[in-house]
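Structure record follows, encoded as structure tokens.
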There are 2 protein chains.
Amino acid sequence: MISRVESAAATRRALLDAAAGLLDEGGPEAVTLREVGARAGVSRGAPYRHFADKDDLLTAIAAQAWNALADQAVTLGADPELSTRDKVRAMLAGMLATGRERPHLYRLMHRPPAGPEVLQAAGRSQGPFIAALSDLVGAAQAHRFGAVLLSGAHGAIGMEASGQLTRDKWKTDADEILDTLVGLLPAR
Amino acid sequence: MISRVESAAATRRALLDAAAGLLDEGGPEAVTLREVGARAGVSRGAPYRHFADKDDLLTAIAAQAWNALADQAVTLGADPELSTRDKVRAMLAGMLATGRERPHLYRLMHRPPAGPEVLQAAGRSQGPFIAALSDLVGAAQAHRFGAVLLSGAHGAIGMEASGQLTRDKWKTDADEILDTLVGLLPAR
DNA sequence: GCATTCAGTTGACGTTGTCAACTCTGTAGG
DNA sequence: CCTACAGAGTTGACAACGTCAACTGAATGC
């Protein structure tokens, strides 16, 4: 038997999935509440029972994506097979993979201004990152290194997405930039 | 006496200025062709005499902004008072200033996918940048260094704009990240 | 002087986000 | 078991928007 709250939660998930799918397939302008509702099997007004407005729905998608990245970071941080340096590298590579496979979602995740919901989810993904860096460079330097690494990775992903970072022009790509950035860390 | 082509060019400029102003003041959703026309003193249909559609108008604004940055870079590159390292630093600082003072415009400049018009204007701004780096690290390494520096700067600007790079959380800011990045270059 | 070109206007249409009123159905309280 | 309620979902309506087609008018070239 499906209770009412279960059914409502399922609809909410269906709406999020539908919107994320439309975003991936057709970019931001393809995400219309009417089409989101249709894909989720409900009407155009149904989303307003679960989200304040369209922006709120998009924010929820961004937060969800950040949380998925956070889960991945937590898993990587706890992996005993990986060196600390490889953990850092893998966390940045996870961001790069999102940027390449789901560019519109990636851009949505960095849409300003980030609300508290998104900031918290993003912060959760940065916890294991800082922890790994603390192992390598000490707690005092971890934040400064982290900011440089994260900025570099985020910038490379963005420039690659917009078509500005091409191997043709720069003789390199985002992967190599990640290598260079991680290479700044002491090897331990 | 104002000829017809002069008047048309003036209207085109007025449309660009109006759209850029609306973008700065109210973000992307504040840029409506109706309001752009009103600010430029023409009707809602007038923009279609100068731009294919709204997207084309936004692209023109992005290209214009890149060209302004390119002009600045050219001037900096030719400044005999500045050390090569200071030139590089100043060029990146120019990007940072745009990102802080006109965040919506900055985001528009990096909107994917960048059309040829935007790519060319952006490339023009990168010429002096590469030239300065060649002075410091040699032509062979200039591109690889340039990609890292530009990625780092762009990422820091973007994270600051979205509210993710705060001194409270990272004990640093975009200025210091720029210093760190430029510090990677040999001092000459 | 005349035809032409082209910037600019206006009316219209489809799409979209959003609200208000409505229906319907589990669920809680007696 | 019955009733009242809460809340998920639907539908009609509206304003705003991008865009097109038809139209106007004036500067330009011959």
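No experiment lies behind these values; they were computed from the predicted model shown. Hydrogens, waters and symmetry mates play no part in the numbers below; they use all other heavy atoms, side chains included.
Checking B:Gly41 against A:Gly45, the closest nucleotide of DNA chain C that is more toward the 5' end is the one next to B:Gly41. Take the nearest nucleotide of DNA chain C for A:Arg49 and for A:Val31: the residue whose nucleotide is more 5' is A:Val31.
The interatomic distance linking A:Asp56 (CG) with C:dG17 (P) rounds to 14 Å, in whole Å. Straight-line distance from the CG atom of A:Leu33 to the P atom of D:dT10: 13 Å, rounded to whole Å. Remark: P of C:dG17 and CZ of A:Phe51 are 14 Å apart, rounded to the nearest angstrom. Nucleotide C:dT16 holds its C1' atom 15 Å from the CG atom of A:Leu57, rounded to whole Å. The CG atom of A:Asp55 sits 14 Å away from the C1' atom of C:dT18 (whole-angstrom rounding). Following rounding to the nearest Å, B:Arg12 (CZ) and C:dC6 (C1') show an atom-to-atom distance of 16 Å. The separation between B:Glu29 atom CD and C:dT16 atom P is 18 Å, rounded to whole Å. Rounded to whole angstrom, the span from the NZ atom of A:Lys54 across to the C1' atom of C:dC19 amounts to 17 Å.
Between B:Asp175 and B:Arg167, no side-chain nitrogen of the basic residue sits less than 4.0 Å from a carboxylate oxygen of the acidic one, so the salt-bridge criterion is not met. Ion pairing between a basic and an acidic side chain is recognised when a charged N comes within 4.0 Å of a carboxylate O; B:Glu176 and B:Lys171 show no such pairing.
Formation of a donor-acceptor pair under 3.5 Å by the B:Lys54 side chain with backbone atoms of B:Val31 is found in this model. Although no hydrogens or angles enter the test, the distance criterion places no donor-acceptor pair under 3.5 Å between the side chain of B:Trp66 and the main chain of B:Leu119. Although no hydrogens or angles enter the test, the distance criterion places a donor-acceptor pair under 3.5 Å between the side chain of B:Ser125 and the main chain of B:Ala122.
Relative to the side chain of A:Ser43, the nucleotides C:dG17, D:dG9, C:dT10 differ in distance, and D:dG9 lies closest. Between D:dG9, D:dT10, C:dT9, one nucleotide has an atom nearer to the side chain of A:Thr11 than all others, and that is D:dG9. You'll find that the side chain of B:Arg34 is closest to D:dG18, out of D:dG18, D:dA13, C:dT9.
In this structure, B:Tyr48 does not reach the C:dG8 phosphate: none of its side-chain N or O atoms is under 4.0 Å from OP1 or OP2. Regarding contacts with the backbone of C:dG8, a side-chain N or O of B:His50 is found under 4.0 angstrom from either OP1 or OP2.
Across all strands shown, B:Thr32 has heavy atoms under 4.0 Å from sugar-phosphate atoms exclusively, and none from any base. In this structure, A:Val36 reaches neither bases nor backbone, as no heavy-atom distance under 4.0 Å exists between it and the strands shown.
Side-chain atoms of B:Arg44 and base atoms of C:dG8 include no donor and acceptor less than 3.5 Å apart.
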